[in-house]
Every structure is written in structure tokens, then in C-alpha cells.
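Encoded as C-alpha cells, the structure appears first; notes follow it.
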Amino acid sequence: MSETTRELVLAVVGGDVHRFAEIVQRYDVLVRRTIARAVSDGDTREELVQQTFYQAFKNLGGLRHPDQLEAWLIRIAERRLAQHIRAASRRSAHEKNAARPVEEPSERPTWVWEEAARLPPSLADILFLRYRMGLDYGEISERLSVPLSTVRGRLYEARKRLRTELEKRGLHP
């Protein structure tokens, strides 16, 4: 008989840290698929997978509902992705500004994501899930474990704040 996720999590939290390898084995494909949706470079994907499991290992004791490990791991992976994309956007913006201080109209989508990365993480993440990963409201609600109305409200607020920031800088999506 297979051990439940809850029992496995409790064993690792209880001190049997070597059993974390079983968690990695069970959820490796899921985490890799989540990351592969947004990252094509193999080395970067591997690094993000490792960072996801490392963060999960460090914070496993704080998981309030051990039977929701799968959703928790997906949220960690998505946050790592969002951080990676924000960092890449900042690097890209810096390189573009250094090479060419005036943006061309064809670069506007890049500027939109650079500005989105400057929003608070909860707003930037929800924009990433909706428009970069293409998730619908229901999928976002499940991934973040929040009500559908919260997803709608955060998306509304994120779009409104992004529009305001873009207008302040004279950029129009």
C-alpha cells in the first residue's frame, strides 16, 4: 500500500529528512511541466526546478495542509518563474537602455512586462499567470487557492495599476 502524501510530509517534518527524495520523485514531472511552460532553456529550467524543491524543503514545516502538497509545490514553482522573469526583464531593460535609450514602437510589449514586474508580487504574479501562462480565472483560482472573486479583483487592480504606470512613463500598450 502506498503512503499518503500527508504521511510522507509529516515523516519529513518529523525528522526523516531523507524521505524528501520521495517527494521529489513523486512531484518532479509536475514541477518540470509547470516550469517548462514558460522557460525553454534547459539549464535555466533545471535551475528553477532545483530552486523550487530547495525552497520546498526549507519551508516544508510551514505547510499548513500537508495533503495540499501538490498545489503548494506548483505555487512555489510559479513564484520562482515570476521572479526569474522579473529579473530577466530588469536585465533586458538595462541592456536595452544602455544600448539604445529610445524605445521603438515594436518594443512596447517588452515595456509592458518590464512595468508589470515592478508591481507588487501578488499583482505581477497574477498578470503572469493570466497573460504569460494563459491560465483562465478558474485555473488561477485553483493554483493560488483563492476564490474566483479574488482573482477577478486582483486582475482588475493589476491592470489598472499597470495602465497608470505606463501612462506616467508615456508608454502605451
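Counting all heavy atoms, side chain and backbone alike, R45 lies closest to S40 at NH1-O, 2.8 Å. Contact between E139 and G134 at its shortest, heavy atoms only, is OE1-O, 4.3 Å. Residues S145 and R75 come closest through the heavy atom pair OG-NH1, 3.1 Å. Of all non-hydrogen atoms in A116 and A124, the two that sit nearest each other are O-CB, 3.3 Å. Across every non-hydrogen atom of L10 and P66, the tightest pair is CD2-CG, 4.2 Å. Shown here for I126 and A158, the closest heavy-atom pair between the two residues is CG2-CB, 4.2 Å.
Within the 4.5 Å cutoff, side-chain heavy atoms of V17 are placed close to those of F57. When side chains are defined from C-beta on, L162 counts as touching L119, because their heavy atoms get closer than 4.5 Å. The shortest distance between side-chain heavy atoms of L69 and R26 does not fall below 4.5 Å. Residues V24 and V31 have side chains not in contact (no heavy-atom distance under 4.5 Å, counting atoms from C-beta outward). Taking 4.5 Å as the limit, every side-chain heavy atom of T34 sits out of range of all side-chain heavy atoms of T52. The shortest side-chain heavy-atom distance between L63 and L60 falls under the 4.5 Å cut-off. Between L135 and R37 the shortest side-chain heavy-atom distance falls below 4.5 Å. Side-chain contact between H84 and V39 is present, with at least one heavy-atom pair separated by less than 4.5 Å.
For the atom pair CG of D136 and CD1 of I140, the computed distance is 7.0 Å after rounding to the nearest 0.5 Å. Rounded to the nearest 0.5 angstrom, E142 CD and L148 CG are separated by 10.0 Å. The distance from atom CD of E70 to atom CD1 of I23, rounded to the nearest 0.5 Å, is 12.5 Å. Distance check: T150 OG1 to L155 CG gives 11.0 Å after rounding to the nearest 0.5 Å.
For the residue pair Q55 and Q51, no side-chain donor N or O sits within less than 3.5 Å of a side-chain acceptor on the partner. For the 3.5 Å distance criterion, the side chains of R80 and Y54 fail to qualify, holding no donor opposite an acceptor. Using modelled atom types and a 3.5 Å distance limit, the side chains of T5 and Y27 yield a donor-acceptor pair.
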*Given side chain to side chain contact (heavy atoms under 4.5 Å, CB included), test I76 with N59 step by step and report yes or no.*
CA-CA 10 Å; I76 292 172; N59 298 308; 5.9 Å; no

*Begin from the C-alpha positions of K168 and E165 and carry the test salt bridge (Lys or Arg N to Asp or Glu O under 4.0 Å) through to its verdict.*
CA-CA 5 Å; K168 280 183 192 175; E165 290 303 313; 3.2 Å; yes

*Criterion side chain to side chain contact (heavy atoms under 4.5 Å, CB included) on L127 and R159, from CA distance to verdict*: CA-CA 8 Å; L127 287 172; R159 287 189 297 251; 4.2 Å; yes

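Taken together through direct or relayed side-chain contacts under 4.5 Å among Ile, Leu, Val, Met, Phe, Trp and Tyr, V13 and F20 form part of one hydrophobic cluster. Cluster membership for F128 and Y131, using ILVMFWY side-chain heavy atoms within less than 4.5 angstrom, is shared.
Salt bridge status for R143 with E78: present, with a side-chain N to carboxylate O gap under 4.0 Å.
In this structure a side-chain-to-backbone donor-acceptor pair under 3.5 Å is missing from S141 to Y137.
Paired with D125 under the rule side chain to side chain donor-acceptor pair (under 3.5 Å), one option of R130, R86, R79, Q83 passes, and it is R86.
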